[in-house]
Every structure is written in structure tokens, then in C-alpha cells.
There are 2 protein chains.
Amino acid sequence: MSPLVKIRSERDQMSAVERRIADFILENAQLLRDYSSQQLANALGISQSSVVKFTQKLGFKGYPDLKYSVGEAIARADNGDATHVATQAKAAFDESASGNLWRRKAESEEETRLINAPETLQAVAEAIATAGTKGKVFMIGLGDDDIYARSFALRLSLLGVPSIHNFDAPRMAASVSAAGAGDVLLVFSEHGNHPALCKIGRFFRERRGRLITVTRHTSNPLRAIADLALLVSAHDDRPYIQPVLYQSALQHLLDGVYVQLCEGDEQRHVQLLSNLERVQQMLEP
Amino acid sequence: MSPLVKIRSERDQMSAVERRIADFILENAQLLRDYSSQQLANALGISQSSVVKFTQKLGFKGYPDLKYSVGEAIARADNGDATHVATQAKAAFDESASGNLWRRKAESEEETRLINAPETLQAVAEAIATAGTKGKVFMIGLGDDDIYARSFALRLSLLGVPSIHNFDAPRMAASVSAAGAGDVLLVFSEHGNHPALCKIGRFFRERRGRLITVTRHTSNPLRAIADLALLVSAHDDRPYIQPVLYQSALQHLLDGVYVQLCEGDEQRHVQLLSNLERVQQMLEP
DNA sequence: CGTATCGAAGCATAAATTATTGACCGTCGA
DNA sequence: TCGACGGTCAATAATTTATGCTTCGATACG
């Protein structure tokens, strides 16, 4: 992945100094060519070691490695900002605008894919699968987040995994009181700081259920108490674009889990196909 | 000028050692990334200072400068894929599965984009915009299709365009009886052959409302009676993948309309931003 | 509250990498 | 033959990068 995309995706979780480094690099990527780590540090009035530690935290071998990567990125011109500025200039709705939106979605998808370990996705799929056969699957999301919960619940039902779906906290609290070991609660909450949802989550865990959260990748109280946390990364300066990207990235994350559920187990796969056929028959005639 | 071209062009006037360096770099440019000047010297059995002198003779500031330039050149030319692929080889299975799904989504998006004329999208956006200020926006979808209606309704509400949203046919029939000229009815129906929805659509048109349908691109009775028809193309042999692609392509189509609505009109844009801010404030504290 | 803990940041310094110096050696032309 | 010259290298200086340690402030906890 482009180092610039990576930097931007993690910018939100950075400390003040780190964020200043990130911003400087994002805005002056071309200057990096002539900067040593010391010069960069001077330009920002911080210590050279902070620069090095910054690069290492991002997963680069060190400062020269980052520098090299940024050089490649610039050469490819895949910094994602230039195109993005070009979009804004154009008010007209045309192919390039739509194409750009898709490109931005692809970036969010990539960022999101990279911050979720494949093992986590696997684990989520398995937890849902076992809860689906031997226990119960609970699901909740408020406001916009209800959309994701709802659509995922529909998908699961096709797999023969019914779920208990609520869209307000009090009712969910009541439902969850019936939970037990091995059950799963999926909580969708973009910012993950809704007190009621945290409360329900904690309560659910007390009852020995597995708590799966789906939130933005910033650290948040909900994610903190989860057994399994799915994270979504999506950024855009334009406040009306960001939710579009968030939804798209989140949806793809869930689609990944869904596909894994579909393909993971032979028996479930057969069940799925027959369900789909039955649904088809109900709708057609 | 590309450093690789430069090296090749001066190769003939070089000394034996220099030529060996040149050849090595030309043939193993990707390896340079992980080589220090000392390592390169060792690989060739020559002294490190020869390497540095070589770079300086070519007009580079020094070894790191050459290295950086070669990195750029590789990135531009795309010759260096070998290393790139090798780096990402880990987690190959999951990544490729997920990446594949995304690629399929991109294909559906493209097909969908191509079968919807930009003018149609424009017209849809405008119809919704005017109905939003001077009339009413109705919205309906059944089953899975309700998801799209619901999420689009939420988006519209942020734009200051409230909508009358129902998820069953009888109630919608009742609601629609209040419709008049200039109003808009959005009907989501994947296969477009639900008799009740067709009936509602016809009834709505009798009352001089604009009927907008969102269906699969196959010909279907619902689409046939629409004033404006948005079409979605999404295919996959695997029956559990197809809905995923359908949803993604449809979502992107709607996102396009949404963005168009956001950016199309200055006044609405301002309204949107203040709405977003207000929503933000409601959620944060 | 006081205190333990953790992480972020800087300073000092070790380690590494890079650049330069000066010595050596072979070649070539006078 | 000898001196000039270019090329190479080893040694070393200079620079750049990486790391260990300390301090400080925020946060959690008793």
C-alpha cells in the first residue's frame, strides 16, 4: 500500500508530534527526497529520534525505508490527493466523478483490509457460525448503524442463521438478558462511544457471550471491551463523502465475513444453496 | 532522465569495475532497495568507495541519491513488480479472496455505470431535489430492497429532504394517495415484477407524480412504467455472491446520485454542511 | 488524594552508512 | 626510464540512522 495512504489512514490514532510529522510528509512528500531524518526533525522542531520512531511504528524498517517508499509513491503519483482535488473542481456529474468516488472507495477498502487481521475475520465467521447452530446471534446498531445490522441479519438468515435484531438500546438490553455462553452479540457503532451500547456489551460479556464490535478504527470504549473487533478506515475531507466511504468499506468487510461463512463449511454451503433456491421460488411466481 | 537510461548510455565509456557496477544495477534494480553501498560492493567483490565514486561520476549527490532515483524509475516503469508481489505474498489466500471480491464489485460497478446515462442520473437528482423542496419524496422497497430505500432515505434526510418511507405495499398505497404533481416515488425492486409495487407505481403516475425505479437491468414490468429508471448490472455464477455484487453496484449508483445532490446546488450544499455539523453535535457529547 | 503504570518525547550515544583522503599500482606517452 | 594520470582500495572522517535511558505527563487504581 502506498505509504501516504497508510499514513493518512493511521493519522487519527497518532499523538500530536506524530501527527505533525504525518501532515508534513503528506503535504511535502516531494521535499522528503532532500531531507535527512535530522533535517525533517529540525523543520518541525522535534527530535530526530521521534522521526525514526514514527517510521518504525508505521512498519517501515527505518527512515530511509520510508523515504524510499514515498519516492516510489510519488513516482507512481498514487498519492490520492491530486485526483481528489481534481474531483472537487468539477461540479458536473460525469464519469470521472463517479470513477473517482469508486477509487476513493477502493482506497478505504484497502486500508480497512490491512487493519483487520485475516485471523480476526476467520474468528468472527467461526463465532457466528457456532452461535448460529448452537446458540443465538444478537445484533444491534443505532441510526445509520442499524442499516448495516439489518442487511447483515438478512444475509445471515439466508445461511440459516437467524438473529435477534433490535434497533434500540432498551429493547436490546432486555433481549440480551436471555444470552448465555457461546452466544454472539454484534454491535455496530461507528464511533463506539455510545454509553448504552457499552453497557449492553459489558452485560453481555458478564453472561459469558462473545462480543463482536464493528467500529471506526480509532480507539473507542466499545472496541476496548470487545472479544473481537472489526475496524473500518475511511477518510475524506468532505464531510458528505466520508460516510459513503465508511459504509462501503464496512459493507465490504462484512461481505468478506459473509463469503467466508458461505464457503467455510461444506454442510452450511449446501444448506445455503437450498435456502437460496427456496427463497427464489417464493419470489418468482 | 531516468537513472537507468543514463547508466546504460554511459556504460561504454566506463572502466571495468564501473561497468560491473552498472550491469549489476541495470539487472537487479529492484534489489537496490535493500542494499547499502557496502553490500553492493561486497556483492561485486569491490570496494565501497568505488561504488560511491561511481554514483558521483554519474552526477548523483551520492549513493542514497542514486538509490532513490532508481526507486522512482522502477515505480514509474512498473518493472519492479517482482519484489512488490513478493512482499505482499503473506496472507495470500485471504487477501486474494477478498481482493477478488472487490474486483468483481468493480466490474459490476463499471457495467452499471455504463448502462445508466449520466443524463438520467442528473435527472434523478434534480427530480429528487425539486420534490424535496416543493413537494414530497416517497420511497419503498420490500425485503432486501428495503435496505437500500432505508439507507438512501437517511442520506436524503441529512440533505434536508425528508421522505415518506414505507416497507409494505398496502401502507404505501395509502400514503401515495396524498401524492400530487411534482412529487417523486422511488421504488426499489431487484426483479421489478412485484404486482403490488407496479400497481402503486401506476396509481402514483395517475396522480401526476414522477416514478423513479431502481431495478436489475433486465426488462421488467416495473421499469416499463417508470419516468426514470436506474438500472443495476451484477452477475456471478455463485448464487451467494450475486446479491453482494448487486448491493454494491446499486449502492454506488445511489452514492453517485447522492454526491450529485450534495454538490449540485450551492444553497443545498451549505444546508448540508450545517446539517452535518448539527448531527455531529447531537452525537458527540 | 497519593501512587503505580504506561506511553510519548527528548537527549545522549552507539551503530550504521556514506563520503573523502591518501597511498598504491599499472599504463601510457615523452 | 620516468613522471603524469586514472583507477582502485583501505583507512578514516563525516554524516546519518537507530537505540537505550531518562523525564514527564496522563490515566488508572487503590
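By convention in this document, chain letters (A, B, ...) are assigned in the order of the sequence lines, proteins followed by strands, and residues within each chain are numbered from 1.
The base of C/dG7 is not paired with the side chain of A/Lys53 by any donor and acceptor separated by under 3.5 Å. Between the side chain of B/Gln48 and the base of C/dA19 there is at least one donor-acceptor pair of N/O atoms closer than 3.5 Å.
Closest-nucleotide positions on DNA chain D for A/Pro64 and B/Ser15 were compared, and the one nearer the 5' end corresponds to B/Ser15.
Atom OH in B/Tyr35 sits about 18 Å away from atom C1' in C/dT18, given to the nearest Å. Here C/dA8 presents its P atom at 13 Å from CD of A/Gln56, a figure rounded to the nearest Å. Atom CD1 of B/Ile46 is separated from atom P of D/dC9 by 6 Å (rounded to the nearest Å). Counting to the nearest Å, the C1' atom of D/dT19 and the CZ atom of A/Phe54 are 19 Å from each other. When the P atom of D/dC9 is taken as reference, atom CG of B/Leu40 falls 12 Å away, rounded to whole Å. Rounded to whole Å, atom P of D/dT8 lies 10 Å from atom CZ of B/Arg20. When the P atom of C/dT17 is taken as reference, atom CD of A/Gln38 falls 19 Å away, rounded to whole Å. Taking atom CG on B/Asp34 and atom P on C/dA16, their separation rounds to 17 Å, with Å as the unit.
Contacts of B/Ser50 with the nucleic acid, taken as non-hydrogen atoms under 4.0 Å apart, involve only primed sugar atoms and P, OP1 or OP2. Contact annotation for B/Lys57: backbone-only contact, meaning every heavy-atom pair under 4.0 Å involves sugar-phosphate atoms and none involves a base.
Between B/Ser37 and B/Lys67 there is no side-chain heavy-atom pair separated by less than 4.5 Å.
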Subject >> Audit row: A/Gln247, B/Gln251, side-chain hydrogen bond (donor to acceptor under 3.5 Å, both in side chains) steps and yes/no >> reply: CA-CA 9 Å; A/Gln247 162 162 22; B/Gln251 189 64 55; 3.3 Å; yes
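Figure legend: B/Arg33 and A/Tyr68 shown without cation-pi pairing, the cationic atom not lying both under 6.0 angstrom from the six-membered ring centre and within 45 degrees of its axis.
Here the nucleotide nearest the side chain of A/Glu18, chosen from C/dA9, D/dT17, D/dC9, is C/dA9. Taking the side chain of A/Ser47 as heavy atoms from C-beta on, and the options C/dC11, C/dT18, D/dT19, the nearest nucleotide is C/dC11. Comparing atom distances between the B/Ser49 side chain and each of C/dT18, C/dG10, C/dT20 picks out C/dT20 as nearest.
Ring pair A/Tyr148/A/Phe188 is tilted by interplanar angle, where 30° to 60° counts as tilted.
Side-chain N or O atoms of A/Asp236 include one that pairs as donor or acceptor with a backbone N or O of A/Arg238 at under 3.5 Å.
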